[in-house]
Amino acid sequence: MEYNFTRIEKKWQKYWEENKTFKVTEDPAFPKEKRIYVLDMFPYPSGSGLHVGHPEGYTATDIVCRYKRMRGFNVLHPMGWDAFGLPAEQYAIQTGTHPSVTTNHNCDTFRRQIKSLGLSYDWDREINTTDPGYYKWTQWIFIRLYNTWFDEKLQKGRHIDELEIPQEIKVKGKREVREYRDKKRLAYYDNAQVWWCNQCKIVCANEEILNDGSHEKCGSKEVERRNLKQWMLRIPLYAERLLEGLDDLTEWPESVKEMQRNWIGRSTGADVDFEIDGMEEVLKVFTTRPDTLFGATYMVIAPEHELVSKLVTDEYKKAVKDYVKAASLKSDLDRTDLAKEKTGIFTGRYAVNPVNGEKIPVWVADYVLTGYGTGAIMAVPAHDTRDFEYAKKFNIPIRPIMDPEGADEKTRRQVLAGDACWTEDGIYINSADPSRGLDINGLNKEAGISKIIGWLEEKGIGEAKVNYKLRDWLVSRQRYWGEPFPVIHWEDGEISVLDDYELPLKLPELEKYQPGESGESPLANAGNWLKVKDKNGRTGRRETNTMPQWAGSCWYYLRFIDPQNDREPFSKEKEKYWMPVDLYIGGAEHAVLHLLYSRFWHKVLYDLGIVSTDEPYTKLYNQGMILAYAYETKSGSKIPSDEVEERDGRFFSRVTGEELNQIVAKMSKTLKNVVNPDDVVRNYGADSLRLYEMFMGPLEATKPWTESGVKGVFGFLSRVHKFFSERKNITEEPEDKDTLKILHQTIKKVQGDIEGLRFNTGIAKMMEFTNHCIRKGRVSRDSAEKFIICLSPFAPHLAEELWELHGHETTLAFEPFPQYDKQYLVEDTYEYPVSFNGKLRFKLEFPLDMPDSEIENAVLGHESARKWIEGKQVKKVIVVRGKIVNVVVI
RNA sequence: GCCGAAGUGGCGGAACUGGUAGACGCGCUGGACUCAAAAUCCAGUGGUGGCAACACUGUGUGGGUUCGAGUCCCACCUUCGGUACCA
């Protein structure tokens, strides 16, 4: 019988859909440990349709889900669309088509394509972030963020009504109370230095600006800094919780956790106040090395620091002003490009070193950043590489205050002479001022730091401080196609959020989607939508910014739990039933941002009692990227694949005849190496596509697509179909011992590999089993059916078809997964590899229960051994039961 | 520079806590079927030497630990991903 995969796949997809095979309910009959929530990172439905990279993760989770169902689990496995985003809006600007039209069209394409892969989603739970029924709750969560403050003592978010207002604020009046609260809210509206992309006419988050100074989304380098009123979230308040939480995420990849730790960037040190000589001002710095205060020989403040203009003396005014101006025009790219050569300028002013009263010059330099710490540093060139470089360049004194420990003599001499920088531990020298009661000479770093901090705190000029790299999160965008903020700006300057009953605040229909030149969102053109009036006649204007794409994806896993609920984002009972997500699979590119933002929102919701778990995702796994072969000339220029010709395993340009190198690259339109899943499904079937993606290599690895690889697994499935569908191959007689052995090995392997997400080796084992059966030409009905069940999570259509051919009338989706039986796996004998001095020479078969000493005698007495022992002395014989025999001869 | 991941046949990749390196698949070679091709099936396939049995060699490089190292330790090289003066 022909393997008509198209007919088979259509038939079973229809069956699953009509019977709602994979619809799931919160059935109380399943105890908590028999429920599993398996989630894919939902896609952005782009206009170009599904990419072969998408089905990789989707197939992996699908296999786990199908397997778990057969293990008696209640499985939540949903899919949806992260559908807000720029492309639909840009298309609207060009053509006037409403973004929702484009979006729906793209979703339809994605849905059709995903359905053609036979993934066992519960489609009744499909969600779409652009659906007002969905974004109503995104707005609802924003209101919660706005109404939450972070209690540092309890390390917990609490409702703003629970914020105690200090008496001295209360007496000042309503306005001051409001301001006090606004300063505490997790969401706030304020001026922010933001990146502005001139091409997109949009504010971008810091992280959307790439290293080369271009905007991630559009590639344009026309980005600049602007000061604009924006919505921000105080995520740094949760830094400690987000950091500590990582330790409990034992089923997350260490690499992802490490990246998040670095991103959060916790560092401990102290804030220290420096008085400015001849002024009332105090310059506060953050340092991780307060112990090196005696080595501070100058200070640096960032060009954007508010004290710059106050500090600078008349003599230096012009030069400093010019420098600050120049720095402001530099993009971060320029600043880092010039990293090798630091720039800066003296302000004419001196600060007083609190540990010894010494006057040290204050400089302005752009290697100090405004956004980190206090935007000012004390510079200790002898013990900080950046300061060292700078001091060298500007001839600032370098004063060593630490005798290097563990350094070689040469380095030590250089350090002590101020010719080298030492950042490691050592013993303090020159670090005492008896008149101030401070002496750390002779101590090492750890002791020095704590002693100095103690001294600073006692004197009231400094305190221990923890700093994070993590910054406030900018959450507004000047776009139409995003969630509108449920916010009103009143004429008197008050800001208020909508009441829950007013949600969703729907996007208004617009005539044009062009952003305003001034940087205003297209919503500024929304006419009546903008205008509001309260019951006292006060007028207000709606917020015209919208939320970024992160917003919808920050909490979608919660909506899947109860997607049609219109009274609440999800029911508490259902949330308790399913959460947390047991397995979350997606691309590594979301290692930091999406996962960090999402964890942040989740923790806030947890603090407010809205969700029952502290963390959203128990196990995280990153799938690797699927790449494709591409070709380049010897000089490195890329050649589109359709201009390449293969001859004898070498590659040539059809145009120039030049020999080309085969490389592995991302699929791209310009390289013409994009593989379309639709084509693969049409030519080989969804089961082949699924199986190939899993067989290519480890799930987390980056690997190149090859057509011949698909053909390989297609051949396997064809052989499976042919062999197991032919009645003459299936016997009713008892199974042979050797077949039972490989069958049970296969069951064991497949089971273990699904649980460990190592699909490639499980598939290899199933191939071995099939090859074995074909070679034998017969297999028992029982073995065949067990094998079909093993195969079914991977190639569900074919498995269902074979299951039916074997006389079953219902889906195999809930058939119990076979148990492997140890008795078929244990061996009586083992073929021992016998090696001499570690080199394998021959093999001998012995019973597994044969004692070591007998094996030893048998080996040494064997005629094959004679050759290797002759003329030598047997020093030792190592027998590892069931593994190896090694004879040591000299 | 720093952080992370990884280097195994012609290619994708196997190898459990140190115990037969190269499972499985692709490709290639030979054979069967065919007028022929495709498809399919059978056999072989790390390299070198040999008619062969077999021997030598072989997991990025150089050392080390061990009876035994792809696996552990030290140093280095290369590739990929992330990040950018974080005080």
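Proteins get letters first, then strands, A, B, ... in listed order; numbering begins at 1 in each.
Base orientation of B/rG9: syn, since the glycosidic angle falls within 90° of 0.
For B/rU57, one of the phosphate oxygens OP1 or OP2 lies less than 4.0 angstrom from a side-chain nitrogen or oxygen of A/Lys839. In this structure, A/Arg386 reaches the B/rC86 phosphate: one of its side-chain N or O atoms is under 4.0 Å from OP1 or OP2. An OP1 or OP2 oxygen of B/rC54 is reached within less than 4.0 angstrom by no side-chain nitrogen or oxygen of A/Arg841. At the phosphate of B/rA5, neither OP1 nor OP2 sits under 4.0 Å from any side-chain N or O atom of A/Asn622. Residue A/Thr702 places none of its side-chain N or O atoms closer than 4.0 Å to OP1 or OP2 of B/rA6. Dashed line: the shortest gap from a side-chain N or O of A/Asn837 to OP1 or OP2 of B/rG68 is not under 4.0 Å.
Across all strands shown, B/rG18 forms no Watson-Crick or G-U wobble pair with both key distances under 3.5 Å. Applying the Watson-Crick and G-U wobble criteria (two distances, each under 3.5 Å), B/rC80 pairs with B/rG4. Base pairing of B/rG68: no nucleotide in any strand meets the Watson-Crick or G-U wobble criterion (both distances under 3.5 Å). Judged by Watson-Crick or G-U wobble contacts below 3.5 Å, the nucleotide B/rC51 has no partner. Of all nucleotides present, none satisfies the Watson-Crick or G-U wobble test against B/rA23 with each distance under 3.5 Å. Pair assignment for B/rA75: B/rU61, on the basis of Watson-Crick or G-U wobble contacts that are both within less than 3.5 Å. Remark: B/rG44 base-pairs with B/rC28. Criterion, Watson-Crick or G-U wobble with two distances under 3.5 Å. Base pairing annotation: B/rA38 forms no Watson-Crick or G-U wobble pair, as no partner gives both donor-acceptor distances under 3.5 Å.
With contacts defined as side-chain heavy-atom distances shorter than 4.5 Å, the pair A/Val885/A/Pro833 does not qualify.
Taking the six-membered ring where the residue is Trp, the centroids of A/Tyr390 and A/Tyr298 are separated by under 6.0 Å. Aromatic ring centres of A/Tyr832 and A/Tyr830: separated by under 6.0 Å.
Ring orientation note: the planes of A/Phe769 and A/Phe724 are close to parallel, at an angle under 30° on the 30°/60° scale.
Comparing A/Asp387 and A/Lys867 against RNA chain B, the residue whose closest nucleotide sits nearer the 5' end is A/Lys867. Toward the 5' end of RNA chain B, the nearer of the two residues A/Tyr692 and A/Val713, judged by each one's closest nucleotide, is A/Tyr692.
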